Amino acid sequence: MKYIGIAILTLALSVSAFAGGNPSVQCYVSFDQSGAGAAVHDYDMTQYIGFNAYFVFHELEMGLTVVSFMINNPQVEYPGLFASQSFTNLMDIIVGDPYTGMSLASTTCRPGPVEVVGYLNLFPIAEGAACVNILDDPDFPRWVVDCTTPNGEVDYYCVLQNGAIGGAECVGGDCWNPVEDATWSGIKALYR
């Protein structure tokens, strides 16, 4: 009986620790050049005409205040394809670097249900194919802090789709195989 009580208490505490207001939140790369974040995951670029790859979070039921992720570096990964690239933060605060891991934060609630948090401007100088990928920040989990007051609650996002340029075969998203939440004691048990 004692073990059943401990199991129920552990389950209750672990569920509440990960039960924010955005349980189905997803992110994706969009090439919707209006900047509205429509789900346009493929782009046919034209040499010498710059374009943007937008980073979009959707399924935000309780808004967004903080998110952590990183992106690949297309200018380095595809040498000779892009003359320049620059990341623009559309939130209020950026901590870190887009190519090594960053957290973006807003001083006010971004209400959703769709929020474009930043974009990567690329200027192509050659024809070719490339990918723009949303990657895991090495220092922080895939979290989205919602607008619950006073401190916000955390949910974990999945990547719906990365961006393909010029017909590139890019690694898709992982929303169909989401990462399962784990408790600290469960993680420690793996190493005993």
Side-chain angles (χ1 to χ4, degrees), residues 11-32 34-41 52-73 86-121 131-164 170-187:
L11 180 62
L13 291 175
S14 66
V15 169
S16 64
F18 298 108
N22 299 315
S24 302
V25 64
Q26 301 173 346
C27 69
Y28 58 86
V29 175
S30 171
F31 293 109
D32 172 14
S34 73
V40 178
H41 307 299
N52 296 328
Y54 294 90
F55 302 97
V56 182
F57 286 79
H58 79 125
E59 303 286 334
L60 296 168
E61 297 173 26
M62 289 294 293
L64 165 86
T65 58
V66 178
V67 64
S68 296
F69 64 102
M70 76 179 207
I71 59 176
N72 66 318
N73 190 329
S86 62
F87 179 81
T88 299
N89 173 25
L90 296 177
M91 302 280 275
D92 299 319
I93 301 166
I94 183 171
V95 177
D97 180 86
Y99 313 111
T100 60
M102 65 182 164
S103 291
L104 305 178
S106 177
T107 56
T108 59
C109 176
R110 302 290 176 105
V114 176
E115 290 295 329
V116 179
V117 299
Y119 63 89
L120 182 66
N121 178 265
C131 296
V132 176
N133 297 322
I134 298 167
L135 305 169
D136 292 345
D137 183 310
D139 297 322
F140 296 100
R142 287 183 174 187
W143 59 15
V144 170
V145 179
D146 68 23
C147 298
T148 305
T149 55
N151 297 323
E153 294 179 347
V154 174
D155 283 297
Y156 295 95
Y157 65 85
C158 62
V159 177
L160 179 64
Q161 186 67 46
N162 288 308
C170 301
V171 175
D174 62 2
C175 287
W176 296 274
N177 296 312
V179 176
E180 293 182 15
D181 292 332
T183 63
W184 178 241
S185 59
I187 292 170

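Just so it is clear, the model here is predicted, and its values are computed rather than measured.
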Self-check item: By side-chain hydrogen bond (donor to acceptor under 3.5 Å, both in side chains) - contacts of Asp139 (at least two apart)
Solution: none
Quiz item: Any side-chain heavy atom of Asp146 sitting closer than 4.5 Å to one from Val25?
Solution: no
Quiz item: Mind checking whether His58 and Tyr28 have side chains closer than 4.5 Å, heavy atoms only?
Solution: yes
Quiz item: In terms of SG positions, are Cys147 and Cys109 separated by less than 2.5 Å?
Solution: yes
Quiz item: Taking C-beta and beyond as the side chain, do Phe55 and Leu120 meet within less than 4.5 Å on heavy atoms?
Solution: yes
Quiz item: If you measure from CE on Met70 to OH on Tyr99, what distance do you get to the nearest 0.5 Å?
Solution: 11.5 Å
Quiz item: Going from CD1 on Ile134 to OH on Tyr157, what distance comes out if it is rounded to the nearest 0.5 angstrom?
Solution: 7.0 Å
Exercise. Look at the rings of Phe69 and Phe87 and say which category their plane angle falls in: under 30° parallel, 30 to 60° tilted, over 60° perpendicular.
Key: perpendicular
Quiz item: Please walk me through it: do Ile71 and Leu135 pass side chain to side chain contact (heavy atoms under 4.5 Å, CB included)?
Solution: CA-CA 5 Å; Ile71 59 176; Leu135 305 169; 6.0 Å; no
Quiz item: Of all heavy-atom pairs between Ala53 and Phe31, which one has the smallest distance, and what is that distance?
Solution: CB-CE2, 3.5 Å
Quiz item: Is the side chain of Asn89 donor-acceptor paired with the backbone N or O of Gly118 at a distance under 3.5 Å, no angle test?
Solution: no
Exercise. Scan Asn72, Asn73, Asn162 and name whichever one has a side-chain contact (heavy atoms from CB on, under 4.5 Å) with Val132.
Key: Asn72
Quiz item: Any donor-acceptor pair under 3.5 Å linking the side chain of Asn22 with the backbone of Asp155?
Solution: no
Quiz item: Taking only residues two or more places apart in sequence or in another chain, which ones pass salt bridge (Lys or Arg N to Asp or Glu O under 4.0 Å) with Asp136?
Solution: Arg142
Practice problem: Measure the shortest side-chain to side-chain distance between Leu90 and Glu115 over non-hydrogen atoms and say whether it is less than 4.5 angstrom. | Solution: no
Quiz item: Would a 4.5 Å heavy-atom cut-off, applied to side chains only, mark Val144 and Leu60 as touching?
Solution: yes
Residues 100-108 side chain polar contacts: donor-acceptor under 3.5 Å, at least two apart:
residue	atom	partner	partner atom	Å
Ser103	OG	Ser68	OG	2.6
Ser106	OG	Asp92	OD2	3.2
Ser106	OG	Thr108	N	3.2
Ser106	OG	Thr108	O	2.6
Ser106	OG	Arg110	NE	3.1
Thr107	OG1	Asp92	OD2	2.9

Exercise. Go through the structure and list residues passing side-chain hydrogen bond (donor to acceptor under 3.5 Å, both in side chains) with Ser86, not counting sequence neighbours.
Key: none
Practice problem: Under the side-chain hydrogen bond (donor to acceptor under 3.5 Å, both in side chains) rule, collect the residues that match up with Asn133, sequence neighbours excluded. | Solution: none
Exercise. Indicate the ring-plane relationship of Tyr54 and Tyr119, choosing parallel, tilted or perpendicular according to the 30° and 60° boundaries.
Key: tilted
Quiz prompt | Heavy-atom closest pair, residues Gly20 and Pro23 | solution = O-CD, 4.1 Å
Self-check item: Residue that, paired with Val56, satisfies side-chain contact (heavy atoms from CB on, under 4.5 Å) out of Leu160, Val114, Val29, Asp32
Solution: Val114
Exercise. Determine which pairs satisfy ring-ring contact (aromatic ring centres under 6.0 Å, His included) with at least one residue from residues 131-152, sequence neighbours left out, and list them in order.
Key: Phe140-Trp143
